[in-house]
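Below you'll find the structure, written out as structure tokens, and then a few comments.
Reminder, nothing fancy here: chain letters follow the sequence lines and each chain counts from 1. These numbers come from the heavy atoms of this one structure, side chains and all, not from hydrogens, waters or symmetry mates. Being a predicted model, the structure only gives us computed values, none of them experimental.
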Amino acid sequence: MLERADQLRQRLEGAGYICPAQLEVTVFLALRLEKPLLVEGPAGAGKTQLALALSSALGTDLIRLQCYEGLDQTHALYEWNYHKQILRLQTDRLNGAAWNEVQEHLFSPEFLLERPLLRALTADRQAVLLIDEVDKADEEFEAFLLEFLGEFQVTIPEFGCVRARQRPLVILTSNRTRELSEALKRRCLYLYLDFPSVELERKILRQHVPDLNDVLREHTVRFVHAVRQLQLRKHPSVAEAIDWARALAALDIRELHDPRVRQTLGVLLKHDEDLATVENRYPSLVATAQRSPRN
Amino acid sequence: MEHRLLRFFQALRAQGLPVSPAETIDAMRAVAVCGIDRPTLRAALATCLVKDVGDLPDFHRLFDRFFPLSGVARGREKRAGASGDGWKSRRLSADGTYPTRPMPGEPRKHEVGLTDERRRVLSPDAHHHDPQTRGAEREGRLSVSQRALLYRPFSAYRVEELRDLEPELQRLCRFLARRLSRRFTAARHGQMDFPRTFRQSVATGGIPCHLAWRRRRLRHTDLLALCDLSHSVATASYFFLSLLATTPSVFRRCQFFGFVDQPVEITFEAGHVFPAGRLDLSARSDYGSVLQTLAQWTGLFSRSTLVVILGDARTNRRPPRQDLLGQIRQRCRAVVWINPEPENRWDTGDSVIARYAPHCNSVLHASNGAELRSALEHVIHQHA
């Protein structure tokens, strides 16, 4: 059981996730107050990664539910394995079993397909439940989720009530493609995870791409930040920055004004209008990146 | 401390943040768990009370006012802040407050300061912030000035005022857009989705106990908005474009056209209209020639296009060419006309709305922001 928030920060860094300032306070509160955590932010800022790192830091399992439009209880909570039940019924009929015997085992755990939410309830230890991209699900699912998050118990008619032995740590992520309902937001603690600062991104690159030399790493970070200031269709995310740094390291590039760097921009930007914009401004961006920092 | 926290919550509510009692209880528990070290306190309160990133600047501003730094701590934090991460790395200004990030909604015009620092209440309508009356309204989170903006008729605005009100309008539109984008389908009626029904019936032994309805996909509607930019309707068009600019998720593609006597494709950004070609604002409206030019651009209209025309249908006695509107309607999903003039003035003088009405799916009236918003809701619900 964690006593202080900074212990959590150390554990997250041990799991490979460099947190922005005070993020550990939010996560610590989610753990202690037993409330779900809603993480919003631009795509690629590290929301899903946070959940992965948390499960590793806390030494528990990660249960993941990916949301999409049309997701309903059957795919999220549980489903009866109807086909297997039919087979069992037919076999029993051949064997001449009476209804009393049949009904005992027809609705037993053997035939219950546990989907992520139910698995989170029945886990032995406190698990990390990641409900990814909850803004892609529709409103009916949100209403169902609200009920689930309020009670952490579910009633299966044939079984009875299944209560959580240990409340899981629930993390909901959203890309802000639509507004979530007020009731859901009220139920959760909120965290906005934006693109990292220069300092933080430097640490992240040092962690993930250790064989990049220091000067180039500094210039890379500044370049990516300068690109993020432009008017683009999709700004480069942290993951793309890491991939780009890896590409530079793999090609054994030492400096930013190496002509091969221009050809690697496709790793950073994924739309051709964005590539065109950056190509037009390439010399000034490189100059900005290589200017000595003014603190 | 507790007393100060309670007043902090009240100040946040007065500023328009929806802080519910449940959230204040969470905040108190969080403070009990985390302690009152200033950065930790800020993070803990933010996570419990602020549920939208657009409200963060207001939160930080009020936090700095209620929990100010003492002189020594200010110096320490200034040094720490310069090398910190994330939102803390912005430089502190001289009096120890964080400059707000340039968000679309700029600081509100009125600021409420409560007593501890003996700040004057700067705006007279701070007294009207009665939580009960505000909570009772549907737009419970709007401030007085925003509601004034919403209900004031278009004809009462002068064009220069709009420039000043632009940040307030942006914020309002962001709020209204939330309500719009959530009107997804009820899907309890309409056309049946046979494949899904049969698939679901497998679970019930081949008998379709649960019917599946075809969900209308909002995303596959393209919007084509035609806005009359002539003097009489300019304000309404401005509101309309601001509102539409904040709803990218509702329609798959949005195309805006402005016209006076000729249609020109426009983009609307940051409160300004950017025409792609020559647009003569001083010309006299001519709906007939606009329709003629549009009808020639056949690539614009498809089965998934929803055409919304915002105008007063006053064509200066030139031929209205309603037959062309009929042709357009046949090619598109729906044509909706929104008329900002008062209804008793329709068909008077050179207004020919009655000639266009048979060729439109609906003709709606909108004389202020609120009516425009409900017209748009109706359009999305019915036709999108």
### Query
Has A:Tyr68 got more than 12 heavy atoms of other residues, nucleotides or ligands less than 6.0 Å from its OH?
yes

## Note on the structure
Among A:Val25, A:Leu191, A:Ile86, the residue with the most heavy-atom pairs under 4.5 Å to chain B is A:Val25

### Query
Looking at B:Gly35, B:Ala22, B:Ala44, which has the largest count of heavy-atom pairs under 4.5 Å with chain A?
B:Ala44

### Task
Heavy-atom distances under 4.5 Å only: say whether B:Val202 touches chain A with side chain, backbone, both or neither.
both

### Message
Assess the residue pair A:Leu29 and B:Arg29 against the criterion (side chain to side chain contact (heavy atoms under 4.5 Å, CB included)); give the C-alpha distance rounded to whole Å, side-chain angles, the decisive distance to 0.1 Å, and a yes or no.
### Response
CA-CA 9 Å; A:Leu29 279 175; B:Arg29 285 171 65 200; over 6 Å; no

### Query
Is the shortest distance from a Lys or Arg side-chain nitrogen in B:Asp52 or A:Arg176 to a carboxylate oxygen in the other one below 4.0 Å?
yes

### Flag side-chain contact, heavy atom, 4.5 Å: B:Val33 against A:Phe28
yes

### Query
With a cut-off of 6.0 Å (strictly less than), are more than 12 heavy atoms of other residues, nucleotides or ligands near CD1 of B:Ile36?
no

### Summary
All heavy atoms of A:Lys185 vs all of B:Glu23, minimum pair found to be O-OE2, 4.5 Å

### Query
Relative to chain A, which segment of B:Cys48 carries a heavy atom at a distance below 4.5 Å: side chain, backbone, both, or neither?
both

### Query
Using a cut-off of under 4.5 Å for heavy-atom pairs, which of A:Lys35, A:Glu40, A:His83 has the most such pairs with chain B?
A:Lys35

### Query
Should the heavy atoms of other residues, nucleotides or ligands under 6.0 Å from NE2 of B:His210 be counted, would the total exceed 12?
no

### Query
Mind checking whether A:Arg186 and B:Pro18 have side chains closer than 4.5 Å, heavy atoms only?
yes

### Message
Going by side chain to side chain contact (heavy atoms under 4.5 Å, CB included), name the residues that satisfy it together with A:Glu158, two or more places apart in sequence or in a different chain.
### Response
A:Trp80, A:Phe107, A:Ile156

#### Entry: Interface moiety of A:Tyr82 toward chain B, non-hydrogen atoms closer than 4.5 Å
side chain

### Side-chain (B:Lys51) to main-chain (A:Leu184) donor-acceptor, under 3.5 angstrom
no

### chain B contact via A:Leu33 - side chain, backbone, both or neither, heavy atoms under 4.5 Å
both

### Summary
Exactly one candidate in A:Leu23, A:Leu38, A:Thr26 meets side chain to side chain contact (heavy atoms under 4.5 Å, CB included) with B:Thr47; the answer is A:Thr26

### Task
Would you name the heavy atoms of A:Gln22 and B:Ala43 that are closest together and state the gap between them?
CB-CB, 3.5 Å

